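Notes for the one structure printed next.
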Amino acid sequence: MNLMLKIAGALTVATAMTAPSLAQTTIVAPSGSTAGTYMDYMKTVYDRGTGSELLQIPIATFDKEFELTPMAAESWSQSEDGLTWTFKLRSGLVWSDGEPLTAEDFVFALQRAATSGYDFAWYWDFAGGIKGWKEVTEGTAEASTLGLKAVDDLTIEVTTVAPKPYFPSVTSLWYPVPKHKVDELGDDWALDVASIVSSGPFEIESWEKSNNSVVFTKSDTYTGPWSPMIDRLELDPTLNAPEVGLPAFLAGDSDYSFLNTGQVPVATQRFPDGIRQNAVFATSYISYDLDAAPFNDVNVRRAFYYAVDRAELTSTVLKDIAIPAGSILPPGYPGYNPDVVAQATFDPEKAKQFLADAGFANGEGFPDVEIWYREEGGYNGAIIPAMAQYLQAEFKEVLGITLNIRALPGPEWMDGLRGKKNNIFIAPYEYDYLDPSNFYGIFYNGGRHGYFIPEYDELVAKADSESDWDTRYQLYADAEQVMIDQGLIIPLVHPITIAVVSDQVTGDGVQPNSLGFTQLDRLGHYFFTHITKQ
């Protein structure tokens with residue numbers, strides 16, 4: 001052996017023996033639910049493995065300002081008739097096993113979803129409007145008839161049944177599925193760490209199925225936007241409960257924790273620079289059975305609308321874990337309109353007058369009513385019971401009526417809502433995609449509540465296919481004005497979550513956006529790739 005090579009080899013060995021190993025940056029975070037079956041978002045949304053979406057690269061996603069950002073796609077365009085979208089993928093994207101990521105993997109993902117009992121299939125009909133989707137999911141047409149085409153390895157063509165100007169935002173939930181792995185293993189490819197491949201910024205290292213916790217590492221093969229600044233990411237759903245998360249945070253075992261109302265003052269005093277607000281983009285509202293007395297009278301509904309002091313409700317009762325809602329759209333959500341919100345004032349005198357106009361002056365003769373809400377955990381579980389009690393007291397004081405409260409398990413509550421088994425409900429709703437059509441669609445043509453309001457439906461239908469964004473947002477505002485004038489709902493609050501974040505976590509992801517929100521895991525692709533740890 002050459003003498004110089006021997007010397008170089010000896011130096012290399014000596015250096016390896018004496019130099020300290022490079023430190024890894026690891027973030028430990030609460031995330032997901034404690035149960036998950038497949039590490040495949042396109043197989044199951046509701047029973048997915050924790051962070052399965054972080055393993056894959058969507059066509060597009062949102063940054064911290066909620067701006068749509070190309071990810072797997074580098075560009076897209078809409079045909080002149082508005083019915084066809086063409087997405088151009090970035091070149092050089094690969095799966096973690098080295099196989100090329102192609103347009104066929106995206107097309108295959110939706111063809112499979114349409115034909116295999118995917119639990120989020122409604123999304124691609126309601127939001128996506130993909131041509132043939134309804135027929136294929138109902139089993140009356142073949143998957144090959146869907147309005148989806150891999151023109152070549154880097155080009156996807158999507159045809160919709162109507163112009164969908166917001167379709168690119170819908171693709172934030174369009175992840176590829178590795179056809180070559182499904183061909184080999186079927187759906188089982190997403191059951192074991194050894195066979196799971198990724199196309200996104202992270203690879204999977206381990207998955208503890210007993211509690212759905214996972215460990216991801218920075219992908220060595222990812223070439224798309226937003227490469228991680230950290231080496232490892234540990235997502236632990238058991239830390240989601242603030243009662244577990246905060247002690248772990250204080251012990252240094254977690255890098256941030258969500259807070260319950262009792263913890264907020266303590267954490268704020270101790271970590272004033274570490275408190276963050278996380279926008280949920282959800283709305284809790286009162287809805288009615290419009291066909292049943294006494295809420296078949298618009299004056300009654302309008303009386304209730306003006307009888308709610310939302311500022312007192314959020315600041316005093318809910319201790320700022322929610323913000324007042326004057327619209328079905330939360331602040332920061334596309335189409336949010338301050339003029340609509342400004343109408344939702346607390347006006348006891350106007351409320352009393354509307355009730356008197358309905359024939360119930362000072363509440364005399366008004367029947368006792370029972371408001372139903374859904375039992376659940378998370379942020380809704382923290383706010384809705386307290387909110388119901390507040391409404392009970394408020395309506396008694398302002399309107400002189402008796403409101404009883406009934407909590408129901410989710411299926412019974414939903415059955416009561418759809419079956420009109422009660423006449424007044426507290427209804428929470430959280431967005432599925434960042435476009436106003438998501439919220440307005442739940443009242444369209446029967447929708448979630450059985451509301452058939454022709455004037456409203458006409459405006460929403462026009463807005464849904466309007467390509468001029470200013471005109472479109474105005475049409476939605478006009479539709480919400482119909483909701484206000486007819487008292488279809490009472491927007492109550494927009495829940496937010498509050499968290500405390502370690503001062504060791506830095507990066508743009510942990511800095512509040514222009515609205516004051518830090519989206520933590522809500523915009524996971526952005527957040528987890530834009531933070532690091534000192």
Side-chain angles (χ1 to χ4, degrees), residues 260-262 264-265 282-289 292-295 297-328 341 343-409 413 416-417 422-429 484 487-496 498:
N260 62 31
T261 53
V264 170
T283 305
S284 281
Y285 58 91
I286 289 177
S287 68
Y288 311 100
D289 175 1
F295 301 110
D297 187 330
V298 65
N299 288 312
V300 172
R301 303 193 297 265
R302 296 282 278 161
F304 276 48
Y305 177 83
Y306 286 111
V308 180
D309 188 343
R310 297 165 179 80
E312 181 182 68
L313 169 62
T314 53
S315 64
T316 303
V317 178
L318 301 180
K319 301 185 186 306
D320 296 325
I321 58 171
I323 55 179
S327 164
I328 191 66
V341 175
Q343 299 177 62
T345 58
F346 173 52
D347 192 331
E349 294 308 314
K350 191 178 285 188
K352 292 175 182 176
Q353 185 59 55
F354 272 115
L355 197 62
D357 291 345
F360 303 107
N362 300 316
E364 294 177 4
F366 197 88
D368 290 359
V369 292
E370 186 175 77
I371 195 165
W372 288 9
Y373 75 80
R374 184 171 64 193
E375 293 176 334
E376 53 190 309
Y379 61 82
N380 280 324
I383 66 172
I384 290 179
M387 186 162 63
Q389 292 180 9
Y390 173 83
L391 294 171
Q392 183 181 48
E394 188 79 350
F395 290 155
K396 186 69 174 178
E397 179 180 339
V398 175
L399 299 175
I401 68 170
T402 298
L403 180 75
N404 298 312
I405 301 169
R406 186 176 180 187
L408 293 168
W413 178 89
L417 185 75
N422 190 42
N423 55 10
I424 180 170
F425 299 82
I426 293 177
Y429 188 80
I484 294 171
L488 298 189
I489 66 166
I490 303 174
L492 296 170
V493 301
H494 303 298
I496 60 174
I498 299 178

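Model, not experiment: these values are computed from the prediction.
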Point-to-point distance, once rounded to the nearest 0.5 Å, from OG1 of T316 to CG of D309: 8.0 Å

Distance, nearest 0.5 Å, that separates CG of L399 from OH of Y306: 13.5 Å

Short side-chain to backbone donor-acceptor contact, N423 and A293, under 3.5 Å: yes

Pairwise side-chain contact, L417 with W372, heavy-atom cut-off 4.5 Å (strictly under): no

Contact summary for G487 and Y288, nearest pair of heavy atoms: O-CE1, 3.4 Å

Heavy-atom closest pair, residues I424 and E370: CG2-O, 3.4 Å

Rounded distance [0.5 Å steps], CG in N380 versus CE in M387: 8.0 Å

side-chain contact (heavy atoms from CB on, under 4.5 Å) evaluation trace for N404 with V369: CA-CA 6 Å; N404 298 312; V369 292; over 6 Å; no

Any side-chain heavy-atom pair of L408 and R374 under 4.5 Å: no

Validation row: I405, Q389 side chains within 4.5 angstrom (heavy atoms): yes

Over-ring placement of R310 relative to Y305, 6.0 Å and 45° cut-offs: yes

Smallest separation among heavy atoms of T283 and S327, with atom names: CG2-O, 4.0 Å

H494 side-chain N/O to I323 backbone N/O, donor-acceptor pair under 3.5 Å: no

Residue pair K350 / F354, side-chain heavy-atom distance below 4.5 Å: yes

Atom pair CZ (R301) and CD1 (I490), whose distance is rounded to the nearest 0.5 Å: 10.5 Å

I489 and its side-chain contact (heavy atoms from CB on, under 4.5 Å) partner, picked from I328, I484, I286: I328

Side-chain heavy-atom pair D289, F295 within 4.5 angstrom cut-off: no

4.5 Å side-chain heavy-atom contact, L403 and D368: no

Donor-acceptor under 3.5 Å (T314 side chain, A311 main chain): yes

Pair E312, Y390: side-chain N/O donor-acceptor within cut-off below 3.5 Å: yes

Any side-chain heavy-atom pair of P385 and Y373 under 4.5 Å: yes

Student check: side-chain heavy atoms of P324 and L313 closer than 4.5 Å: no

Closest non-hydrogen atom pair, P294 against F366: CG-CZ, 3.4 Å

Aromatic ring pairing F304/F395, orientation class (parallel under 30°, perpendicular over 60°, tilted between): tilted

V264 and D320: CA distance, side-chain angles, deciding distance, side-chain contact (heavy atoms from CB on, under 4.5 Å) verdict: CA-CA 9 Å; V264 170; D320 296 325; over 6 Å; no

Closest non-hydrogen atom pair, G326 against A344: CA-CB, 3.6 Å

S284 OG to I383 CD1 distance, which is reported to the nearest 0.5 Å: 4.0 Å

Distance-minimising heavy-atom pair for V398 and A307: CG1-CB, 4.0 Å

Straight-line distance of F425 CZ to R406 CZ, nearest 0.5 Å: 10.5 Å

